[in-house]
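Written out below as structure tokens is the structure these notes cover.
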Amino acid sequence: MTKTFYITTPIYYVNGDPHMGHAYTTIACDVMARFKRLDGYDVHFLTGTDEHGIKVLQAARDGGVDPQTFTDQVSQKFQDILPALNISNDDFIRTTSARHKKGAQVLWEAIAKSGNIYKGGYSGWYAVRDEAYYQEDETEIRADGKRYALSSGAECTWMEEESYFFKLSAWGDRLLEFYDKNPDFIGPESSKKEVISFVKGGLKDLSISRTTFDWGIPVPGDEKHVMYVWLDALSNYITALGYGSDDDSLFQKFWPAQFHAVGKEITRFHCIYWPAFLMAANIANPERVFANGWWIMEGQKMSKSLGNVVTPEDLINRYGVDGARYVLLRDLPFGNDGNFVHENAVNRLNSDMSNGFGNLAQRTLSMINKNCGGQVPTPGDLSIEDQALLIEVREELIHEMRKEFENFRFSAALEHFMKAVNHANMYVDRQAPWKLKKENPDRMATVLYVLAETVRALAIAIQPFVPASANKMLDQLAITEDARTFAHLDKAHALKAGTALPEPQGVFPRLEVQKAA
RNA sequence: GGCAGCGUAGCUCAGGGGUAGAGCAGAGGAAUCAUAAUCCUUUGGUCGGGGGUUCAAAUCCCUCCGCUGCUACCA
């Protein structure tokens, strides 16, 4: 039976427009999803938008529209960037959709049924400006007799609110045991330490409903409450699979998820609350949560006031779709924070894709076109060097890449790829087929065959990162679309001599270095 | 303030107790099939500052500086 692979991005909060960070996480997931599909897995890839909560409500009011209209508009922007970045998601979930609301309520009921929800009161020093409650020792009384939050200086008033609570305090030990038994659950290591120390510090019960506004999912049986946005939001990973609906076949098939990608700022929600909710509802936990870092731009934090916020469209305009995908994953190890420098990105694309891989393909195809009648040449006996190169690109490379993908090391996978490209270019120079043309045409045909076969294997392997370009290259080798998976890397699916090839065209045009954002 | 991470060649980043690594950028050479691309050689760092442990520290410990995230109901 085919192995399933369920992968999710976070659902993006619609209080702002999509930016480079959203693109980054989404692209990383897409690359993983494509890799797994090519590797024979039955993949389900989910992304979506998180649309409830007071911030969205306020943003809608500020814009003078009702919240549903507002979220429709912003969610659409997030949906629009998916085809623009060539994202292969199988589904898009919105937390305002009927299917999600229903599923979230079913989850609530499942947790309630287990005895983990109780009604209580929430009280504390509330700062309207911060939308946050503070402990008494987090506030001070100033000369004017009023109370202010120490951290923000916002004025606080005593508030009491009826609220439902989740018995998070009861789950600390079971969470720690879960982390212990599943050491790969949280990555990278820094996030894991943070989460474990947080849990060890002791967990308090979690308020999971609100009565102060109504832009949310009604609590089953007590509709003056709406569900806490994180309980609402996290449940998307199962509601999108039909959890709690009449047809939960996808849920049966794909849950638990193999991989939740998150930004490093939301690891706590995914690594503490989410498993606790699921365990309480007696649902299996996801296998892995991996947090990616944040980008800064040319050494500076991205911010609206600095005017250096980079949007997905900016990246596409500058680097093309495949170029944007490539430069985001090439240098920075997934999980680390990074500094995005345009000059480096251009250099990277030019030297790796244009000069390295693109030129390898072009010189190979061009020689075949001119010297072999535009057909795949007929190879003779293979030398040791021929065989070594073919083994590297057909077998060893994908083996190495697979290992790196297991640990989300996209940049390391690309390093292996570029190493193979370099070896192929070395091979061209050593064999010098342009000399063989006069001295030994049969040997030239063999060398060009080995090279064409090398380009085929490399193009197949690089598909997850630069799908459109890789496909163009495979078109030029007359590889049919159903013969492009990793299973086709082997000798049995090698190029057939005599196959007519189209006129070669450059696939990775060089970019000009340009300064400033 | 507390917790965690980071600070390594001009740039982007690996590494992590035993004579400092990669790619790009720079320099020199070879070749000319190719998107003037390729291939070879090569310059370059007292691994943020200071202190300590050790025969030996970029790597462990302490401290200081700078940056980042979290600090509970706020994505």
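Order of the sequence lines sets the chain letters (A, B, ...), proteins ahead of strands, with each chain counted from 1.
Nearest to the side chain of A:E265, among B:rG23, B:rA4, B:rG69, sits B:rG69. With distances taken from any side-chain atom of A:S351 to the nucleotides B:rC13, B:rC24, B:rA72, the minimum falls on B:rC24. Out of B:rC39, B:rA72, B:rG23, the shortest distance to the side chain of A:N422 is found at B:rC39. The side chain of A:K264 lies closest to B:rG69, out of B:rA25, B:rG69, B:rC40. Listed nucleotides: B:rA34, B:rU68, B:rA72. Nearest to the side chain of A:K370: B:rA34. Here B:rU71 is the nucleotide among B:rA37, B:rU68, B:rU71 with the atom lying nearest to any side-chain atom of A:F198.
Looking only at distances, a side-chain donor or acceptor of A:K192 sits under 3.5 Å from a matching main-chain atom of A:P183. Within the 3.5 Å criterion, the main-chain N or O of A:N292 finds no donor-acceptor partner in the side chain of A:Y24.
At the heavy-atom level, A:N15 lies nowhere under 4.0 Å from the strands shown. Nucleic acid contact for A:G299: none, since no nucleic acid atom lies under 4.0 Å from a heavy atom of the residue. In this structure, A:F508 reaches the bases: a heavy-atom distance under 4.0 Å links it to at least one base atom across the strands shown. Within the 4.0 angstrom heavy-atom criterion, no nucleotide atom of any strand lies near A:I272. Contacts of A:G263 with the nucleic acid, taken as non-hydrogen atoms under 4.0 Å apart, are absent. Looking at heavy-atom distances under 4.0 Å, A:D232 makes no contact with the nucleic acid at all. Residue contacts shown for A:M426 are limited to sugar-phosphate atoms, with no base heavy atom under 4.0 Å away. When heavy atoms are screened at a 4.0 angstrom cut-off, A:K301 is found touching the sugar-phosphate backbone but no base atom. Residue A:V195 is classed as having no contact, given no heavy-atom separation below 4.0 Å to the nucleic acid.
Look at the C1' atom in both B:rA4 and B:rU42: the space between them is 42 Å, to the nearest Å. Distance check on atom C1': B:rA27 versus B:rU43 gives 7 Å, rounded to whole Å. The C1' atoms of B:rG21 and B:rA36 are separated by 30 Å, rounded to the nearest whole Å. A gap of 9 Å separates the P atoms of B:rG7 and B:rG15, to the nearest Å. Taking atom P on both nucleotides, B:rG10 is separated from B:rG49 by 14 Å, rounded to a whole Å. Separation of the C1' atoms belonging to B:rC62 and B:rG26 is 40 Å when rounded to the nearest angstrom.
Atom pair A:H342:NE2 and B:rU12:C1' shows a separation of 14 Å (rounding to whole Å applied). In this structure, CD1 of A:I196 is placed 13 Å from P of B:rA4, rounded to the nearest angstrom. Rounded to whole Å, atom P of B:rC33 lies 18 Å from atom CZ of A:R443. Put simply, CH2 on A:W294 is 15 Å from C1' on B:rC6, counting in whole angstrom units.
Of the residues in residues 352-365 of chain A, those with a non-hydrogen atom less than 4.0 angstrom from any atom of RNA chain B are A:S354, A:N355, A:G358, A:N359, A:Q362, A:R363.
Checked against ring pair (Phe, Tyr, Trp, His ring centres under 6.0 Å), A:H225 has the following partners two or more places apart in sequence or in another chain: A:Y164. In this view, A:F178 and A:F185 satisfy the ring pair (Phe, Tyr, Trp, His ring centres under 6.0 Å) rule, not counting sequence neighbours.
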Worksheet, complete the sentence: Each base of RNA chain B marked ( ) or [ ] if paired in-strand (Watson-Crick or G-U under 3.5 Å), | if paired to another strand and . if unpaired gives (((((((..((((....[..)))).(((((.......))))).....(((((..]....))))))))))))....

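In summary, of the residues considered (A:L436, A:V428, A:T364), a side-chain contact (heavy atoms from CB on, under 4.5 Å) with A:V447 occurs for A:L436 alone.
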Check the interface with nucleotides 7-11 of chain B: list each N/O to N/O pair with the protein under 3.5 Å, or write none.
unit_1, atom_1, unit_2, atom_2, d
B:rC11, O2', A:N344, OD1, 3.2
B:rC11, O2', A:N344, ND2, 2.4

Below 3.5 Å is the cut-off: list the nitrogen or oxygen pairs between protein and nucleotides 29-31 of chain B, distance only.
none

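Looking at A:D429 and A:R363, a side-chain N of the basic residue comes within less than 4.0 Å of a carboxylate O on the acidic one, giving a salt bridge.
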Worksheet item: Which is it for A:W171 and A:N116 under the side-chain hydrogen bond (donor to acceptor under 3.5 Å, both in side chains) test, yes or no, and what are the steps along the way?
Response: CA-CA 10 Å; A:W171 290 90; A:N116 278 284; 2.9 Å; yes

